[in-house]
Structures are given as structure tokens and as C-alpha cells.
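Please read the structure below before turning to the comments.
Naming: A, B, ... by sequence-line order, numbering from 1 per chain.
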Amino acid sequence: MSNEVAILGVGMHPWGKWGKNFVEYGVKAAQDALADAGLDWQDVQFVAGGDTIRNGYPGYVAGATFAQALGWQGAQVASSYGACASGSQAIATARAQILAGLCDVALVVGADTTPKGFFAPTGGGDRSKDPDWLRFRLVGATNPVYFGLWARRRMELFGATEEDFAKVKVKNSRHGAKNPNARYPKAFTMEEVLASPMVSDPLRLLQICATSDGGAALILTSMEFARKHTANPVTIPAVSNVTPKYPNTLIEMPNFSTDSGAGISVPDVPFRPSIAKNAYEQAGLGPEDMDLAEVYDLSSALELDWYEIIGLCKEGEAERLVRDGDTAVGGRIPVNTSGGLGAFGEAIPAQAIAQVCELTWQLRGEAGGRQVEGAKLGITANYGLFGHGSSVIVKR
Amino acid sequence: MSKTPTPAVEGWFTLDRKAPHLLGTRCTSCSNVFFPKETTFCRNPACTGSEFEEVELSRTGRLWSFTNNCYAPPEPYQAADPFEPYAIAAVELEQERMVIMGQVVGGVGVEDLEAGMEMELVLDTLYEDDENEYLVWKWQPSQAAA
Ligand SMILES: [Zn+2]
């Protein structure tokens, strides 16, 4: 298919709180991806960096910083910042370069070093025009506040329970315990999850993703180039980076309010489902074709929203999927086999890339104790602050 | 000495302590309403309007969802010491079909809340310094409905 590029190599720096410079994580991930592809750094013609807002002058405007650390060799460069969608924007940029015939081999890399505790606006001063500053100032609306609002909405609308949310965490922690790159290699019990302190009701500490250091990288190539190296490469047939359609009637970080849905027709497909829908359409595939998924479990409850958003079930049915074990490895449609953000924590510019690393390992049959047997197709879903969609379909 | 009541953010709400309103804008071309105020370009993709009039939003709405802060939020939030957990509500204004988030008044916890209940807008203290009492909008269960 003409819209495919190959994933020839993947690499990660394990997630954790290592306290090192982010560049080190990105370089390690890139070197692992190059080794995995069997290529040399000098073979890379294009570097796509996922930027981080942290670590000074936005992550040293990331792409070139990684290129310098690997040794300047004159490659073309681009850098992307789209909050949690930074990584998939970098993937989209590299893919477009390859599909346009401008290069054959691209490195996609993102890495972050994060502070302890809640994410808060970077930089000081009175920023009374910046909604991300104002939401902290006026409401104290931390990220977990939004997660709590969405989780409570599920309880009120669909009868979700605290136990349902805890089951997601237990499932993902079992997956993460079998992933050497996960920050938390511990399989939690229901009792442990439900005994952890409440942060933003109904969500407890163990149901909210932490912030982590980490890095992830891909070597993307043209199909023609890939076939000289491997008979059956893993490919990317779709990358979706859609924005919302007006009016967006779901309250999203960092906003105080939704758009007004009065006197105007509301889009048939809301923003979040439109992210996956666009990816499916690009690939000519549907949710029924997927063997597994990596989704953006900022909270354990939010993972349930994603089951519906990416079309694994109808609205209001997600609780049944987790109760029946459908989304655990061994179930009908495993979700977050990596352990998800629950086992990793957020390393913002790396996480959309890390989702693709996991699907690649799964599709190659290299996922060890968390392997989904015979997986051929997977989807990632994610999105960044201020309206950045992110979804990638991975195929073998 | 009493402190001067000062809005914590300028122009977002009326200072009527009895019946405050949030202040938004309405596009004079397509009538879409925005909060916080949109004043430069209409966000409706089918509209090229760039003129807006200030509007008072409905004071009441239905509780869409709610949560709380069990721990003090980081700066720039000005947390009291010792910190008292507080609830946060997202309320859907019926007329505007817009969900707006805000703190819930003290003394009303998540256990007192239920999706769909009617909520009303009030003004309350966000924080104080030596001279000023900074005011912000908050939600409380509707007194009329109770
Ligand atoms: Zn307009």
C-alpha cells in the first residue's frame, strides 16, 4: 500500500526517576533503535524530534539536540511540540518525508526528565491570559481534577464503580510487571489499589499516572528500503493528528469550559472518537480488525473511555470488558499490554512513540511474558493538551 | 479593617454578591457565545465575525460531574495553610449548552453532590493578602431548588 512506511527499528530507555539529562535517555533509545534496525547513525537522513517543554529552552528544541549528541552528520531535522501528541507528530513528519520520497531513513526520538508531583505550568509570573496558568490559579484544576470529573461522569452515567477502575489498574500492573522498560514492575492487588489515598474523588493515587523520565525512538524507512533488510517488516499505514471540530462539547484540559452547543449543530463524532476514526479511515480498517491497542490511561478510569472511543465496544459497555477480562493479555482484545501509563508514568514527548514501540514488539512476537499470540494489527490512541489528536495504526 | 473585595481575574464575572453572573461574549455575526471571553476572532469555523458583545451567562445549570482536591494544588494556586480539601464542579448551563468548571463552596463535599442537580453561581474568597480579598466564582447547590 502506498501510504505505508516501515518500522525497521525500535528502542527505549527504561522509564523511571533517574535524575539524568533527558538527552541521555533519547540517545540511548535512538542507539537501541538503530541497533535493532541493523543500521548505522550515519545512515539516518532525517531526524524528527518530539519536544519537551521542560529542561530549559523547550527541550533544546529537541531534534537537533539529539542529532548533536549522536554526532553531527548533516541530517535534515524537524522538531514537534504537541504536548502528549508530540511523539506522533514527529512520527507523522518523518512519515510524510518518506512518503514524499525526500528520504529513505528517518529517526524519530522523544525523551523527557520530569519534576516530582503534579504537573504545573512551567515558568513563573502572572500569566492572566494563559488558560493553563489560570486553571491552576482560579480553580486549582490539576490534571487529576479533570480525570476525576471524567471518572465520576462514568459512575453517574453508566454505573461504573471504584472496583471497575481498580480492575484496570490491576490488569495494567500485571502487564507492566512483565515489561523491563516499565517504571513500576509491580503487580498490584485490588486491595492495594483501593487502599491507596484518595487524590481527586473517585480516583486514588494508584489510579493516576505519575510523571516519569524516559525515552523512546523509532527508525522509520521507505518500504523499498525496508524490504532490502527484512522480508516482513512491521509498518505504519495510518497516523492521525486531527484537531477537534467546533463546537467541542466535552470539557478538556486546560479549559474552564466547553464550547457552547447552543444554536449550532454539534459534530456527529466528538473529538476523541474522531482521532481513532480518522486513523481507521486512512488505513481502510476498523476496530473489529484490531488485535490489541495502546491507549492513554492518564487514569485507570480514562482507559474505559478509550475502549469506547476507539470502538472496542459501545458507549457504556467498557466496564463489562474489563470485568470479563477481555482487555487483559489472553483476552479478546488486550489493551495496554505494555502496562500503559499506569506502569510507566508520563514522559510526554516519548509516550506516543513508546506506544508504537510496544505494538512493534507485539507484532514481531518479541513481547515476552506479555505477548499477544498472533497479533497482526494494533492501534495507539492519545491526545495532547489544547486539542492535539494522536493515533497510529501498526500492521504486520 | 475590612479588606477590599477584588476580582481574582478581571472581567470574568459581575461583582454582584447576591446574584453574580459569569461574563462571556457573543459573536454579533453568528450569535455563538464564548466563555472565557473571545474578543478577536469568532471560533465558529463557518463564521468570519470579529465583533463581540458582552453577555451575562445563566446563573444556574445542572451538575455534569464533580470531583475534589484532597491535596493542595501547586502554585500558582494560593493554597491556605492548613489546606482544606474542596470539591470542584462542572456545571452545564442549559441555555448556553456549555459546561463550566469551578470550585464548590466550602462545606459542600462530593458526598453532597449528584449529577443532574441544579447548581447556582456565587462569589466567594479565593485567597486574601494584607489589603485584599480576592474573589472568584464558585458553584453551590441551588438554594431555590433545595
Ligand atoms: Zn461568529
Inset, instruction - Examine whether an atom of B/Trp64 lies under 4.5 Å from a heavy atom of chain A, and if so say whether it belongs to the side chain, the backbone or both; otherwise answer neither. - result: both
Legend entry - Residue part contacting chain B, namely of A/Leu149, when any heavy atom lies under 4.5 Å: both
Inset, instruction - Check each atom of A/Phe147 against the heavy atoms of chain B and say whether the ones under 4.5 Å are side chain, backbone, both or neither. - result: neither
Inset, instruction - Establish, from distance only, whether the side-chain atoms of A/Lys17 and A/Thr113 form a donor-acceptor pair under 3.5 Å. - result: no
Legend entry - Proximity breakdown for B/Gln95 and chain A, heavy-atom pairs closer than 4.5 Å: backbone
Inset, instruction - Go through the atoms of B/Ile100 and report whether side chain, backbone, both or neither lie under 4.5 Å from a heavy atom of chain A. - result: both
Legend entry - B/Pro85 portion near chain A, given a 4.5 angstrom heavy-atom threshold: neither
Legend entry - Pick from B/Val9, B/Val33, B/Ile88 with the largest number of heavy-atom pairs that fall under 4.5 Å of chain A: B/Ile88
Inset, instruction - May I ask you to say whether A/Glu319 pairs ionically with A/Lys167, meaning some side-chain N is under 4.0 Å from a carboxylate O? - result: no
Inset, instruction - Give, as side chain, backbone, both or neither, the part of B/Val99 having an atom under 4.5 angstrom from any heavy atom of chain A. - result: both
Inset, instruction - Let me know if A/Leu203 has heavy atoms under 4.5 Å from chain B in its side chain, its backbone, both or neither. - result: neither
Legend entry - Exercise: do A/Asn248 and A/Arg272 side chains pair donor with acceptor under 3.5 Å: no
Inset, instruction - Please flag which part of A/Leu138 lies under 4.5 Å from any non-hydrogen atom of chain B: side chain, backbone, both or neither. - result: both
Inset, instruction - Ignoring hydrogens and angles, tell me if any N or O in the side chain of A/Asp130 forms a donor-acceptor pair with the backbone of A/Asp132 under 3.5 Å. - result: yes
Legend entry - SB check B/Glu131 B/Lys3 (cutoff 4.0 Å): no
Inset, instruction - Please work out whether the ring planes of B/Phe34 and A/Tyr246 are parallel, tilted or perpendicular, with thresholds of 30° and 60°. - result: tilted
Legend entry - Toward chain A, the part of B/Tyr127 with a non-hydrogen atom under 4.5 Å: side chain
Inset, instruction - Take the angle between the ring planes of B/Tyr86 and B/Phe83 and call it parallel below 30°, perpendicular above 60°, tilted in between. - result: perpendicular
Inset, instruction - Identify which part of A/Leu250 has an atom lying under 4.5 Å from any heavy atom of chain B, answering side chain, backbone, both or neither. - result: side chain
Legend entry - A/Glu252 versus A/Tyr383, side-chain donor and acceptor atoms under 3.5 Å: yes
Legend entry - chain B contacts, top residue of A/Ala141, A/Ala151, A/Ala262 (heavy-atom pairs, under 4.5 Å): A/Ala262
Legend entry - Ion pair check, B/Glu120 and B/Arg59, cut-off under 4.0 Å: yes
